[in-house]
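Sequence lines set the chain letters: A, B, ... in the order given, protein chains first and strands last, and positions in each chain run from 1. Atom set for the values below is all heavy atoms of this structure, side chains included, hydrogens, waters and symmetry mates excluded.
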Amino acid sequence: MDLFLHQALAGLATGSIYACLALAIVMIYAAINHLNFAQGEMAMFSTFIAWQLMQWGAPYLLAFVGAAAFSFVAGIAVERVLFRPIHKAPVLSHIVLFIALFAILNSLAGFIWDYNVKSFPTPFGSRSLFGNGLVSSHDAGMMGVAFTMLVLLYVFFRHTRIGLAMRAAAANPESARLAGVRVGRMISLGWGMAAAIGAVAGIMIAPVVFLDPNMMTSILVYGFAGAVVGGLTSPGGAVFGGLAVGIIENLAGTYIPYVGRELRLTIALFIIVAVLTAKPSGLFGRAIVTRV
Amino acid sequence: MIAGVALALLLPLAIKGFFLFQLTLALIYAVAILGLNLLTGFNGQFSLGHSAFYAIGAYTAAILMDQADVAYYWTLPAAGAACFIVGFLFGLPALRLEGLYLALATFALAIATPQLLKSTPLEPWTGGVQGIVILKPEAPLGLPLNSDQWLYYFTMLTAALMYAGAVNLMKSRTGRAIMAIRDNPIAASAMGVNVALYKSLTFGVSALYTGVAGALGALTVQFVAPDSFTFNLAIALFVGLVIGGVGSIPGTLLGGLFILFVPNIAEELSKGLAQAVYGFILIAVIYLMPSGAAGLIRLIVGRTARSRSQPVHFETASRSARLTRETPMSSSTSGDENAK
């Protein structure tokens, strides 16, 4: 039982990162109805920015805020330059652009900062809590940061004017525009915020998985799994899904032989296919209805 | 057309070694891209995971040759069959999904594949991280060809058969049903097309093509290892599809040549930037020539043909222009009549 609880807690720690990424995916999905396959690479690039700032001598907090701010601006720029002009184009064009963005960011990061694995500092230290090495103080701090951010976002979307406008723009662009919401700006803002959330997730997970251009690919798959479990149309569901996927991953790794270290990604694939087959709208999502 | 075939047949006598090897690979990639194109271009389903089917094909061939001493030419149908089954089964849940969700599921498949191939339970067959080394086939019947040349002809013959198969498939009743699903799934099912069946069948056939390409790739490279089948391969196939032209069968040949040679050129310019070059080219294609290279060539040929013949004989020129412009429409209407 002790092992079970500790594993679940450790799963919750990585799950909080999956939750952040899932939330970023869902925010962009709400804004433009497409899945951002480059979300992980955007987060990876932001993490490299933070690392670079620290290499130049910036303190951790400044690097953290600087990278998040950079990502916010870059996210808006990507939306304005790449995706705004084709917003009416078919699904394929969007997938092509996301794959293009994925390839460019991955290759560019490798070009600028090379492919050697780098360590990334943590402000929380890496002492082991509970004395068994499963949950470190960094894990606890990571959970703390993620949950703080999620609560802030909840307050933002529930209780601020601009958050309400963003939700309106996502739910019904035409009506929102008639009510005076600047839909285009709200979409850009959504991209900026999603990029910044991804940056925070990247900076938090980097001390655990180490920093290299391919660090986020597998985490992105878990983020997708979380978003799918919760339902792509539900931000709260994405958070729940991300946490659930983190716990499932850790427990499956503990109790099913081989799965732990070697088949982590296969679990994510299995979760995605199973949920999409059994309940494509996820646990909390709206069912998709086609008008004939 | 005939000149092209003659050139392709005589080429191995003129060039040797590494360049011939590269041409063989380009042809193999073209077949893999053709598989992807059958799915995306003709059926309107998206896959970011065709590297997985390429890997299954390659591993099927390598394992059969390594463990069971199967002759190399039998590995192709085996790889095709294995991929058809896996593709069909993967397509079954996938057909409940809208395009985007299928892209998502296949994305996860592509990323999970290398890890799955390395895993301990499969290691007795796959050789784990080490992979499998296989031998190059020799020319049969004492033909005076070295194994590179023979492999080129063997690939060429296979590719020719598969291209002919694809062209005929798309001209058939089945092909029209496949395209009808792409154009309007609801209307297609109202016309009596079994959307679910055709979607998963197309997924199976698409996987079959890519799997056969994978088996040929294993024969050519003489080596399979998990890290040859990462998401980068899926990106490359996808790039080839978009560059050649989505929905164009001849375009896949251009796509194959492109993904083989352009990264080499890009690597020479700057190491490690091949993927970035891919990315920028993809963006340029989406903004400047959404119908890909095949569409661009069609456009150029159409224009020059018209402007060249116009002053000579007005009537025939306008007729030929009308023909080139109306071919797709007239063929589709005749298709409808046949379908009824």
Does any backbone or side-chain atom of [X] lie under 4.5 Å from a heavy atom of chain B? Answer side chain, backbone, both or neither.
{"X": "A:Asn33", "answer": "backbone"}
{"X": "A:His94", "answer": "neither"}
{"X": "A:Leu220", "answer": "side chain"}
{"X": "A:Val81", "answer": "backbone"}

Picking from [options], which has the most non-hydrogen pairs under 4.5 angstrom with chain B?
{"options": "A:Val273, A:Leu35, A:Asp114", "result": "A:Leu35"}
{"options": "A:Gly110, A:Ala100, A:Pro85", "result": "A:Ala100"}
{"options": "A:Asn106, A:Val91, A:Thr217, A:Leu92", "result": "A:Leu92"}
{"options": "A:Leu232, A:Leu101, A:Leu108, A:Val228", "result": "A:Leu232"}

Side chains of [X] and [Y]: closer than 4.5 Å at any heavy-atom pair?
{"X": "B:Leu282", "Y": "A:Ile104", "value": "no"}
{"X": "A:Leu97", "Y": "B:Tyr287", "value": "yes"}
{"X": "A:Tyr29", "Y": "B:Leu100", "value": "yes"}
{"X": "A:Ile95", "Y": "B:Phe238", "value": "yes"}
{"X": "B:Phe107", "Y": "A:Ile272", "value": "no"}
{"X": "B:Gln115", "Y": "A:Leu265", "value": "yes"}

Measure distances from [X] to the heavy atoms of chain A and classify the residue's part below 4.5 Å as side chain, backbone, both or neither.
{"X": "B:Thr113", "value": "neither"}
{"X": "B:Leu48", "value": "side chain"}
{"X": "B:Phe231", "value": "side chain"}

Determine whether more than 12 heavy atoms belonging to other residues, nucleotides or ligands lie under 6.0 Å from atom [atom1] of [X].
{"X": "B:Phe280", "atom1": "CZ", "answer": "no"}
{"X": "A:Tyr115", "atom1": "OH", "answer": "yes"}
{"X": "A:Phe240", "atom1": "CZ", "answer": "no"}

What closest approach, in Å, do [X] and [Y] show between heavy atoms, and which atom pair accounts for it?
{"X": "A:Leu269", "Y": "B:Ala105", "answer": "CD1-O, 3.7 Å"}
{"X": "A:Val221", "Y": "B:Ala108", "answer": "CG1-CB, 4.0 Å"}
{"X": "B:Gln275", "Y": "A:Ser107", "answer": "CB-CB, 3.5 Å"}

